[in-house]
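Below is one structure; the comments refer to it alone.
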Amino acid sequence: MIMDYEEGDKVKVEKSGVEYEGIVMPSTTGHIIIKMVSGYNAGIEPEGATVTVVQKKSDMETSAKKSVKAEVKPKKGLPKVSILSTGGTIASKIDYRTGAVTSQFSADDILQAIPELTEIANFSGKAIYNILSENMKADYWQELSRAVVEEIKNGADGIIIAHGTDTMMYSTAALSFMIDTPVPIVFVGSQRSADRPSSDNAMNAICAAKVAVSEIAEVTVVMHSESSDDKCSIHRATKVRKMHTSRRDAFRSINSEPIGYVDYSTGEITTGLSFIKRNERELTLMDSIEPKCALVKFTPGSSPDILGYFIDAGYKGIVIEGTGLGHVSTDWIPQIERATEQKIPVIITSQCLNGRICDRVYDTGRDILKAGAIEGEDMLPEVALVKMMWTLGQIQDYDDAVDILKQDIRCEINERSLE
Amino acid sequence: MSDKFDYRELGLKCGLEIHQQLDSKCKLFCNCPTQIRNIEESNHEFFRYLRPTASEMGETDRAALEQSKLKRKYIYKAYDTTCLVENDDEPPTEVNKEALEIALSITKLLNMVPVDQVHMMRKIVVDGSNTSGFQRTAFLAKDGYLDTSVGPVGVGVLCLEEEACQKIEDQGDSIIYSLDRLGIPLVEIGTDPDIISPQHAKETAQQIGMLLRSTGKVKRGLGTIRQDVNISIAKGARVELKGVQALDMIETIVEREVERQVNLLAIRDELLERNASVCDTIFDVTDIFKETQSKVIKKTSKKGKVYAVLLRGFDGYVGREVQPGRRLGTEFSDRAKTSGVGGIFHTDELPAYGVSEEEVQAMRTELGAEENDAVVMVADREVRARGAMESVIIRAKEALEGIPEETRRSLPDGNNSYLRPLPGAARMYPETDVPQVNISKEYFESIEMPELLTERAKRFESEFGLHKELAGKIAYSTYLPLFEEIMEILGDNENVNATLVVRTLTGTLPELKRDGVEIDNLEDKHFIDVCNLIAEGGAAKEAIDALLRALANEPQLCAKDAAEKLGLGSIDLSDVESMVEAVIKERQDFVKEKGMAAVGPLMGVVMAEVRGKVDGKTISEILKQKINKYLNI
């Protein structure tokens, strides 16, 4: 017999002579899940079980102490930093309903979990949206860039953006193109959820705060350099890529060194590359964007119809991730030509990620150039896509757009290959 | 020894918690082998910090909080047998099915009822022993029992969990851990508090050990099984004693904890009679020790502070023994050390350690201490010293109430010291990276119930004609699987029987070890090889000792090569025959005189020449035949 009970009630479950007592937890499988006094959860198949409510949830004093929001008093002389939360692991905790890690934290919660931050700056927090980064869209970049500009206008000396790591590199590239910034804009995330004592969120956030109050007035990503809690790398927005599914040091600068490093134990920043300094540039927002652009990966034997689809579907720009120095099979070339004839810019990038495109070495390459494709130089394919979206949002004229696409705007193209 | 107390009258409640590593091929949450390595073999290291987090109920565990008072660096040694899962750089796999099934077979042996759905939990542990900051653990079964000589003992809990890292070195500010052990599957078996005496505790532990080994799937050897003991007496409190390694110590350990609780209760009663109390103020007495001769204080107070607290009415009690060699002051000191200080001083032991009478008096005056009062002091960096004094105040107040509920560490001499507060339910939250596992009735029924070692010993007696003592010896030995393998390979062999194999494994081997032979070099294949050689007549059973010595020295050899190297290589029977003929010829007169009775004495002569190469029985037969032949001429 099953008495009426609901999640949170204290119940006694009896089945084949064995008794469980505890709080009813959310279940997704139809089992009765009991949290026992020991803290362990156990699942009981309801068939043949007798459930007796010992105490209704409503009659129990919630033992969970509502976290007391300690009023953080601003400290004199500290810079002002805005934390904008977009979701992701760094701002996540377990959803005990579904059992999955979801983003439920607000920016304020980050401050509370990492009190060391309050020694570095006076923070204000704002949740822009709360999504996992795989659900990110181009128009969210616009919303985010406007929020950042708003914060800078209101006097923020630095911006920290808490972001999911999966698509962080797209967002960083987007903000990098959209904003001329006089202050640091730092993206930070975490690879291990914030609810575990080993989470990388605290160290990443503290290092990000250090960069947010530094002289580095660029869009950067600050994340673990190594698996150890030793230092964080300061990656340039247009040269960074997530290169591992789970490691703390998943983020790597490609075709470039990081701008510098933050030592976690001392908080010291060391830089190796030159960077744009605080207040060197005037705040400008260029947030128009053309979302209808595609990144297409060429694979051996894949049909040129794939490219044809995007042309016919009205796409405004196409980035191809080709092989090696920047190749596609010969039968793709007529489709490239068709695209450029229809004033759809085509950029060639490489699946190698490391190294520079050079379509002048082999015949196929030369034919690709003849068909009107743009060599993506040492740009990352994803950055080339974002740059295409932004450029086509800014400029209508095909030739002018192609000019911009070939130029280095935000250090996304290095003139010289150093590694 | 155990008659010191009337345990029944004291209301002793004692339960055991047994942690046993399982011998599965892979770890519980990754595909790494469950292999223990040498620290020198580590090929990589990294370090981390940990911070406590709140549970799903929004609480932070008190044990976790206390551990995190020290911001320590944890250094981890990795191997080519560990992966990103141990590094906490990759999510865990699903629960290892093999380990789950071993655990389920143990629940059957313990007459337990499994849950219908297993939920993996995260138990927060921020001492660095788990890279994640938590131990993965699941409640598997409950409500079992096992029979003992004084009645059944309930087995309330069986959990399947992952083993923690091995601590290699504690450097104070940092701790070095080895990752090889992390993730080895472990069952935790908790008995109900049905144990009524120290002897009963030992018997219960032995019985559980036997059941576990009956599965043939548990790890053996030092550190693969650990016993915790939960003890309370009627007026005392529940104390969890961790890390009891030797079964033989359990009786002493139980007795000493009872002694501690009895003494602490007596101290409480006397303190209350004296109207003792604890002052909350922490006094800064650094100035008093400016010119001190005490090296310890001088060294630490230069960069730090000397703090003191006043315990009204405690004079004489801080130095009172609670266990042989451990005082109430030691309990204060244990707590103080959780803040990172080396130790504390108290007035029951001062002046001493270079602290002068004048300094003690000055301190007493400063604090306003009267004759009956005690003062406890510490010298260290400011934050540590303050933390230490706060801990002492808390512990001293507890002394007025009775016995604090604690997790304590079992010490080699049977005493115990403070480890951390008893962890509460707040340290547990669901491990969402690992899906639940359903244990259907059919699945549980399909799990095979292993044959008990007690039953197996009986079977060996009848099946192999082993003596009762030898049958028991091999059944409980780590060589049990090897014995069974050899018997299966050899079958019925006239040269090698079960008694010879058991004597070799349980008798010859320990003797060789005593002689300093590196028997760790001997693997299963060596024993099988030697037995095969003898079974085939390639060497005599008398040669086992010499062969094993040779193989231990040169493990790369096979038994046959070793025999040859020792000159034990098989000898042609015709050679033996001619040798026997020569011996008879040399001793013609003797043979003529004694007739067939010459066989005995001549055996010695021939054996000396061919020892180990030919079985004694064969030589005796050849001798008989040849003497017969010679006499008939």
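Not measured: the values here are computed from a predicted model. Naming convention: chains lettered A, B, ... in sequence-line order (proteins, then strands); numbering from 1 in each chain.
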Hey, is the main chain of [Y] close enough, under 3.5 Å, to the side chain of [X] for a donor-acceptor pair?
X        : Y        : answer
B:Arg48  : A:Ser199 : no
B:Asp89  : A:Arg248 : yes
A:Asp229 : B:Tyr49  : yes

Top contributor to chain B contacts, counting heavy-atom pairs under 4.5 Å, from A:Glu45, A:His31, A:Met203: A:His31
Can you tell me how far the [atom1] atom of [X] sits from the [atom2] atom of [Y], to the nearest 0.5 Å?
X        : Y        : atom1 : atom2 : answer
A:Ser198 : B:Tyr74  : OG    : OH    : 12.0 Å
A:Met36  : B:Lys142 : CE    : NZ    : 7.0 Å
B:Glu431 : A:Asn41  : CD    : CG    : 12.0 Å
B:Lys441 : A:Ser16  : NZ    : OG    : 8.0 Å
B:Gln436 : A:Thr29  : CD    : OG1   : 5.5 Å
A:Lys35  : B:Phe139 : NZ    : CZ    : 12.5 Å

Looking at B:Arg51 and A:Glu116, is there a salt bridge between them, counting it only when a charged N and a carboxylate O are closer than 4.0 Å? yes
Contacting region of A:Tyr20 [heavy-atom separation from chain B under 4.5 Å]: both
Would you say that more than 12 heavy atoms from the other residues, nucleotides or ligands in this model lie under 6.0 Å from the [atom1] of [X], or not?
X        : atom1 : value
B:Tyr145 : OH    : no
A:Glu268 : CD    : no
B:Lys242 : NZ    : yes
B:Glu94  : CD    : no

Chain A contacts, top residue of B:Asn130, B:Asp143, B:Leu84, B:Asp88 (heavy-atom pairs, under 4.5 Å): B:Asp88
Between [Y] and [X], is there a side-chain heavy-atom distance shorter than 4.5 Å?
X        : Y        : value
A:Tyr40  : B:His119 : no
B:Phe134 : A:Arg196 : yes
A:Asp230 : B:Phe46  : no
B:Pro91  : A:Arg192 : yes

Not counting sequence neighbours, which residues clear side chain to side chain donor-acceptor pair (under 3.5 Å) with A:Ser265? List them please. A:Asp263
Listed partners of A:Lys15 passing side chain to side chain donor-acceptor pair (under 3.5 Å), at least two apart: B:Asp116
Please look at [X] and chain A and tell me whether the side chain, the backbone, both or neither of the residue comes under 4.5 angstrom of a heavy atom of that chain.
X        : answer
B:Ser440 : neither
B:Pro435 : neither
B:Ser132 : both
B:Lys73  : neither
B:Asn438 : side chain

Looking at every non-hydrogen atom in both residues, tell me the closest pair between B:Met428 and A:Gly39 and how far apart they are. CB-O, 3.4 Å
A:Pro197 to B:Gly133 - nearest heavy-atom pair and separation: CG-O, 3.3 Å
